[in-house]
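Presented below is the structure to which this report refers.
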Amino acid sequence: MFWNLVANEIISEEWQPNLLLQAFADDFIFVISEPTGTKLKATAQAALTKFQHWTDKHQLNVSTEKFTTILIFRLVSGPRVKWDNQTNI
């Protein structure tokens with residue numbers, strides 16, 4: 001029950017209209033829709049930065065080994081985003 005209260009804080013945050021945050025147990029997923037790779041990268045990085053502030057506030061650890069991005073569109077590759085100054089993917 002405590003985890004639900006903590007997780008509800010980040011899920012209830014106000015996000016951009018083209019961004020959706022979903023949670024299942026202790027896993028989170030961002031679904032982002034942007035027309036260009038540049039906008040996708042900016043939105044994804046802003047979302048991860050906000051998410052990281054939340055994890056830092058609650059002293060939560062994120063497994064970067066399980067962190068991944070999936071691109072579903074016509075772009076050749078997804079954006080390279082950072083978590084805690086570590087580029088992922």
Side-chain angles (χ1 to χ4, degrees):
M1 182 188 274
F2 179 70
W3 171 248
N4 289 340
L5 293 173
V6 173
N8 192 51
E9 179 183 331
I10 192 67
I11 293 169
S12 299
E13 280 287 320
E14 186 124 354
W15 298 96
Q16 296 178 13
N18 53 343
L19 184 147
L20 176 66
L21 174 62
Q22 290 287 305
F24 179 76
D26 64 344
D27 293 326
F28 292 88
I29 182 171
F30 285 103
V31 179
I32 304 169
S33 175
E34 287 290 7
T36 67
T38 302
K39 288 183 179 181
L40 178 61
K41 180 179 180 176
T43 301
Q45 191 61 65
L48 286 177
T49 299
K50 186 175 187 175
F51 192 82
Q52 186 174 11
H53 289 304
W54 172 76
T55 60
D56 291 347
K57 174 183 173 184
H58 294 287
Q59 299 177 4
L60 301 171
N61 293 320
V62 172
S63 174
T64 56
E65 294 82 30
K66 293 177 16 180
F67 180 96
T68 188
T69 59
I70 300 172
L71 181 67
I72 304 172
F73 200 64
R74 290 177 260 164
L75 295 174
V76 175
S77 64
R80 297 178 63 84
V81 293
K82 292 184 179 184
W83 178 269
D84 203 20
N85 292 322
Q86 175 184 353
T87 300
N88 209 336
I89 304 213

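Both backbone and side-chain heavy atoms feed into the values below; hydrogens, waters and symmetry mates do not.
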Quick one: side chain to side chain contact (heavy atoms under 4.5 Å, CB included) partners of Gln22, sequence neighbours excluded?
Leu20, Ile29
Residues forming a side chain to side chain contact (heavy atoms under 4.5 Å, CB included) with Ser63, sequence neighbours excluded
Glu65, Lys66
Can you list everything that forms a salt bridge (charged side-chain N to carboxylate O under 4.0 Å, His left out) with Lys50? Sequence neighbours excluded, please.
Glu13
side-chain hydrogen bond (donor to acceptor under 3.5 Å, both in side chains) involving Lys57 - partner list, sequence neighbours excluded
Glu9
Between CZ on residue Phe30 and CZ on residue Phe51, distance to nearest 0.5 Å:
5.5 Å
Looking at every heavy atom in both Leu60 and Trp3, which two are closest together, and how far apart are they?
CD1-CZ3, 3.9 Å
If I take atom CD1 from residue Ile32 and atom NZ from residue Lys41, how far apart are they, to the nearest 0.5 angstrom?
13.0 Å
State whether the side chain of Thr64 and the backbone N or O of Phe67 hold a donor-acceptor pair below 3.5 Å, judged by distance alone.
no
Taking all heavy atoms of Trp15 and all of Ile11, pick out the closest pair and write down the distance.
NE1-O, 4.1 Å
Mind checking what makes side chain to side chain contact (heavy atoms under 4.5 Å, CB included) contact with Asn8, not counting sequence neighbours?
Ser12
Holding to side chain to side chain contact (heavy atoms under 4.5 Å, CB included), I want the full list of residues that pass it with Ser33, two or more places apart in sequence or in another chain.
none
Give, for atom CZ of Phe28 and atom CG of Leu48, the distance between the pair rounded to the nearest 0.5 Å.
12.5 Å
Taking only residues two or more places apart in sequence, or in another chain, which ones meet His58 in a ring-ring contact (aromatic ring centres under 6.0 Å, His included)?
Trp54
